[in-house]
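First up is the structure itself, then whatever we jot down about it.
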Amino acid sequence: MATLVYPLEPDTNSQSCALDISFRALCSSDVPEVKQLCSQLFPISYTEQWFNDICSCEKYFSRAAVYQGRLIGMVVAEVRHNSRIGMEDDGLVGFWPSDSTHVIYILSLGVLLPYRRHSLGSLLLEEVKQYGTSVEYRNKVHAIYLHALASNSGALSFYSQRGFHHFNFLPLYYSLESGPEDGVTLVMYINGAQPPWTFKDIMTYARSSCNPQNWFYVLKQIFHNAFMRIVRRPHLDSRHIL
């Protein structure tokens with residue numbers, strides 16, 4: 001894939017000069033540098049296999065931000081079938097998604113502190129959005145979602161300003177060296193998809209008419225939700241800090 005070059009003007013509050021940043025996919029030779037990058041960005045330990053996978057496995061979408069030959073930021077994401085959404089995020093794309101419904105899960109996105117005033121995070125996120133709205137996925141992918149520390153106000157503000165919405169609160173989701181931490185699920189719906197109905201939406205719909213079919217629909221949604229929470233197993237995946 002061709003390298004994309006972005007001449008970035010400095011933020012008005014920054015004293016840095018303009019940067020010429022290139023974006024490219026991660027490759028196997030990036031593993032040592034990606035390890036160093038993650039150790040500076042995220043308070044969590046990753047396995048050797050995880051680093052090898054994101055740098056070489058084709059199932060992952062990746063973009064590295066490179067400045068003067070050095071990795072200064074990256075994003076890693078994966079297209080997943082709706083059946084692979086973790087139990088903690090049941091209902092992310094509704095409780096009756098079609099078999100063709102997919103989502104994009106952002107595993108990691110981060111930029112080194114000295115380079116955070118140059119819109120790099122926004123550009124990396126935009127790369128993921130363009131991937132999800134490409135011809136290949138525009139009829140499949142309904143949402144982009146991620147997990148973040150509930151205490152990471154900077155990340156929450158960053159994603160909120162770029163169209164992500166709070167979907168779920170995850171008590172004690174992360175196990176860090178400093179102790180357990182709460183997480184949140186953030187989601188952006190794309191390609192014309194809409195947020196799933198909440199319980200309040202369902203009840204409002206049912207009350208809007210005396211039609212027995214409306215109440216049947218309500219009961220079907222409630223029982224399906226309960227059933228899925230019982231039979232679905234939690235998705236075994238590394239919990240990534242954003």
Side-chain angles (χ1 to χ4, degrees), residues 1-4 21-89 102-116 120-121 123-125 127-128 131-132 137 141 144-152 154-155 158-159 170-186 232-242:
M1 182 173 293
T3 297
L4 304 176
I21 305 294
S22 62
F23 286 156
R24 60 168 176 79
L26 292 172
C27 57
S28 57
S29 61
D30 290 323
V31 170
E33 205 166 356
V34 170
K35 287 182 180 180
Q36 184 178 15
L37 187 68
C38 288
S39 69
Q40 298 179 63
L41 292 174
F42 311 118
I44 193 171
S45 298
Y46 299 96
T47 65
E48 185 74 20
Q49 186 62 50
W50 185 80
F51 288 112
N52 291 330
D53 286 347
I54 66 170
C55 290
S56 58
C57 187
E58 292 185 356
K59 75 174 184 177
Y60 293 111
F61 170 84
S62 66
R63 283 292 181 271
V66 182
Y67 176 58
Q68 295 183 345
R70 177 192 178 199
L71 266 62
I72 61 172
M74 71 172 193
V75 62
V76 179
E78 179 189 9
V79 174
R80 295 178 173 178
H81 187 264
N82 71 80
S83 62
R84 292 190 58 212
I85 297 174
M87 185 175 65
E88 69 274 10
D89 292 319
H102 289 68
V103 296
I104 291 180
Y105 180 60
I106 298 179
L107 286 80
S108 293
L109 188 157
V111 176
L112 290 176
L113 184 59
Y115 305 96
R116 290 182 187 174
L120 280 178
L123 289 170
L124 288 169
L125 188 58
E127 291 282 317
V128 178
Y131 179 64
Y137 292 116
V141 173
I144 301 172
Y145 79 108
L146 58 96
H147 296 129
L149 278 169
S151 59
N152 191 345
F158 170 83
Y159 288 107
L170 308 171
L172 308 180
Y173 186 71
Y174 291 104
S175 297
L176 307 181
E177 292 184 2
S178 58
E181 291 277 354
D182 299 331
V184 295
T185 303
L186 303 174
R232 288 186 66 176
R233 298 179 180 178
H235 176 61
L236 299 179
D237 195 5
S238 300
R239 294 174 176 181
H240 307 281
I241 303 290
L242 294 176

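Owing to the predicted nature of the structure, the values given are computational and were not obtained by experimental measurement.
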Would you check if [X] and [Y] make a side-chain contact, meaning some heavy-atom pair closer than 4.5 Å?
X	Y	result
L109	Y159	yes
Y137	I104	no
D182	L172	yes
V79	Y131	yes
V128	F61	yes

Once you round to the nearest 0.5 Å, how far does [atom1] of [X] lie from [atom2] of [Y]?
X	Y	atom1	atom2	result
L124	S108	CG	OG	12.0 Å
E78	I106	CD	CD1	12.5 Å
T47	N52	OG1	CG	8.5 Å
L26	C57	CG	SG	12.5 Å
R63	R24	CZ	CZ	10.5 Å
I54	K59	CD1	NZ	12.0 Å

Determine the minimum heavy-atom distance between [X] and [Y], stating which atoms define it.
X	Y	answer
C38	W50	SG-CZ3, 4.2 Å
A65	F23	CB-CE2, 3.2 Å
E33	G69	OE2-O, 4.3 Å
V184	L170	C-CD1, 4.2 Å
P43	L176	O-CD2, 3.3 Å
G86	Y145	N-OH, 4.4 Å

Check your understanding: What residues, two or more places apart in sequence or in another chain, satisfy ring-ring contact (aromatic ring centres under 6.0 Å, His included) together with F158?
Key -> none

Check your understanding: In a check of side chain to side chain donor-acceptor pair (under 3.5 Å) between Y105 and each of R84, H147, R80, which one passes?
Key -> H147

**Study point:** By side-chain contact (heavy atoms from CB on, under 4.5 Å) - contacts of L112 (at least two apart)
**Key:** L37, Q40, L41, R70, I72, P114, Y115

Check your understanding: Do the rings of F42 and Y46 sit parallel, tilted or perpendicular, given the 30° and 60° boundaries?
Key -> perpendicular

Exercise for review: Please say which of L120, L123, V75 ends up in a side-chain contact (heavy atoms from CB on, under 4.5 Å) with V111.
Suggested key: L120

Review point. Quick one: salt bridge (Lys or Arg N to Asp or Glu O under 4.0 Å) pairs with a partner in residues 39-57, sequence neighbours left out?
Key: K35-E48

